[in-house]
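When reading the values below, keep in mind they use all heavy atoms of this one structure, side chains included, and skip hydrogens, waters and symmetry mates.
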Amino acid sequence: MLHLLNSDTFVVVCSQSVLSIYDIMRISFVSKVCNNFVLNNISLWQYLCKEHYGVELKTKDDIQQHTTGIGLAQQQLTWKDFYVLVTLSDVFTWGKGSGRTGHLESITRSPKILDSLNRKGIQVLGKTAEIGSVALSRNGQTLYFWGSIALSQTPVCVPFSSFSKIPHDRVIHCSCGHDSKYLLTTEAGCVYLSNNGVSPNNWKELTSTLLKEHLQPGEKPFCTVGGQSDIGGVVTTHSRVIWWRTYQMRVGGVIDAIDPDNKPFTIVNARFGHREMHAIDSIGRLFNLRYEHFETKRWNLLYSESRVIDVDGGSHHAAFATENGQVYTYGKGHRGMLGHGDTQTVPTPKRVEWFHTRNMKVVAVGCGGHIYGEGSFTIYLLSDNRLFYTGMLGSEESMFEPTHIKTPELEGRHILSISAGEDWAGMVVSGIDLPEGNK
């Protein structure tokens, strides 16, 4: 039994099962809202890290370095506050595409609560594509699917236990790629791929089949994502990328994390867009690898001036945020989605000056856009909990400068994570107002 919390908080947390290290370190919204959470009892971090990872942490600096960017400096949230924020969450979606937003309408012009996911304890929305959407509960035991693959315009609940191969396993990462179907990664290192639907008999377990010959002893996938139409892949705990052709269901190759100086690096976060893959290493450098270069197995160092805390890629552009609140974009400037005030193509990362000149700090980004050019946009989450976008999202009008997304229902509530699909966006928000001292 854990005796590191005061009795009040201990009862609240443990009555719903103790939050494991994976709840803190592996769910995307914690890293996205960098510097928003601080643990009042450092010994809890020490206990969890030693218990689950065998890592001895002695100071807050050790913890910050090991958790690769999770800040511990701004808000004094107790575990009770943290538990309430996570479990009583709501989901808002908006944009085009009946069935992809989860609303029974062809276009939702501003963030609208998804009633069927109200108070379901949603942890994060998976990086999504035109054909489907997915949401994952905090405990990793319940998934909600909607869109073309799920054959439903509203979320369909699927318990993970209905097709899990390992008892008591849980999902830690989910995504949906363009024509790559749904992909799931579990705590035990299993990878699941949907096959023409999301019912229990439509899932294939890949770790013991497709990936078996390519995984090294002790190596486990921790991130699975679908890229462009024929690419799927996993990132492993050995910082290797194993990718495959979805239609042929054969592994195309294995890519080691080697920088341009032929030195290995450790991948702590990765995202697949339609054209390229991005990876953040343990010291906050950002690398990219275009799919046409997968055969060369050569990573490109994209940015290293300051620590990168979040990155996302769309069909034709990408964006990333740094620990000092700066945001950079590059790619095609269709509809003004890069935020530089025009539609010019930007081949290399360029800082979005609009935020910089106003001293606004961006902590998370999302890149949307259809592979054929429709609905191109970027969304930006700020450290003060405001949300902005550039490009075209939820209307036919293009925004060339960052535009504030105002929704009365969000007043006083905390945005926990954001996600961008091809022509729609979504976010998970706290289900209650924060205490006055913690806003």
Side-chain angles (χ1 to χ4, degrees), residues 25-28 30-32 34 65-70 124 126-127 172-175 177 180 183 185 189 191 211 214-216 219-228 231-244 251-315 317-323 327-331 348-349 364-367 419-420:
M25 298 174 68
R26 287 196 170 184
I27 52 181
S28 64
V30 177
S31 60
K32 283 185 175 180
C34 183
Q65 181 178 4
H66 187 71
T67 54
T68 61
I70 298 177
V124 66
K127 176 65 178 176
I172 60 173
H173 191 274
C174 56
S175 65
S180 294
L183 285 162
T185 320
V191 177
L211 304 176
H214 302 277
L215 289 170
Q216 299 172 347
E219 183 178 26
K220 295 195 304 183
F222 74 87
C223 175
T224 45
V225 269
Q228 63 184 21
I231 292 289
V234 298
V235 182
T236 75
T237 51
H238 290 187
S239 291
R240 301 193 309 151
V241 177
I242 304 174
W243 64 278
W244 61 81
V251 170
V254 179
I255 304 172
D256 293 313
I258 304 295
D259 68 17
D261 294 327
N262 288 320
K263 296 180 180 179
F265 62 90
T266 301
I267 299 175
V268 297
N269 193 7
R271 287 292 184 92
F272 284 41
H274 280 298
R275 306 293 182 186
E276 62 186 341
M277 174 185 175
H278 294 91
I280 301 174
D281 77 351
S282 56
I283 59 175
R285 296 181 300 173
L286 180 64
F287 295 83
N288 73 326
L289 181 65
R290 294 187 65 85
Y291 295 139
E292 60 262 35
H293 297 155
F294 266 25
E295 298 293 346
T296 66
K297 303 181 180 181
R298 269 303 193 195
W299 287 94
N300 171 54
L301 179 58
L302 195 64
Y303 181 87
S304 60
E305 294 180 16
S306 58
R307 179 183 287 271
V308 174
I309 60 172
D310 194 37
V311 62
D312 198 22
S315 296
H317 77 300
F320 60 91
T322 67
E323 65 177 352
V327 61
Y328 294 79
T329 61
Y330 70 95
T348 57
V365 293
C367 294
S419 180

Separation of His238 NE2 from Lys220 NZ (nearest 0.5 Å): 10.5 Å
Under 3.5 Å donor-acceptor, Asp310 side chain and Ala321 backbone: no
Distance, nearest 0.5 Å, that separates CZ of Arg307 from CG of Leu286: 12.5 Å
Shortest non-hydrogen separation from Ile309 to Ile280 and the atoms involved: C-CD1, 4.2 Å
Thr266: partners by side-chain hydrogen bond (donor to acceptor under 3.5 Å, both in side chains), with sequence neighbours left out: none
Minimum heavy-atom distance between His173 and Phe222, given as atom pair plus value: CB-O, 4.1 Å
Ala318 versus Glu276, closest heavy-atom pair with distance: CB-OE2, 4.1 Å
Salt bridge (Lys or Arg N to Asp or Glu O under 4.0 Å) partners of Asp259, counting only residues at least two apart: Arg285
4.5 Å side-chain heavy-atom contact, Gln216 and Thr236: no
Audit row: Val308, His278, side chain to side chain contact (heavy atoms under 4.5 Å, CB included) steps and yes/no: CA-CA 11 Å; Val308 174; His278 294 91; over 6 Å; no
Within-4.5 Å side-chain heavy-atom neighbours: Pro349 and Leu302: yes
Any residue meeting ring pair (Phe, Tyr, Trp, His ring centres under 6.0 Å) with Tyr328, in chain and number order, not counting sequence neighbours: Tyr303, Phe320
Nearest non-hydrogen partners of Val235 and Ala270, listed with the distance: CG2-CB, 3.7 Å
Contact summary for Gly314 and Cys367, nearest pair of heavy atoms: N-CB, 3.4 Å
Sequence-distant partners of Phe265, ring pair (Phe, Tyr, Trp, His ring centres under 6.0 Å), two or more places apart: Phe287, Trp299
Donor-acceptor contact below 3.5 Å, side chain Asn300 vs main chain Asn288: no
Nearest non-hydrogen partners of Ala420 and Asp312, listed with the distance: CB-OD2, 4.2 Å
pair Leu215-Ile242: side-chain heavy atoms closer than 4.5 Å: yes
Check: Ile267 main-chain N/O paired with Ser239 side-chain donor or acceptor under 3.5 Å: yes
Results of side-chain hydrogen bond (donor to acceptor under 3.5 Å, both in side chains) for Asn262 - residues two or more places apart only: Arg298
Arg240: salt bridge (Lys or Arg N to Asp or Glu O under 4.0 Å) partners, not counting sequence neighbours: Glu219
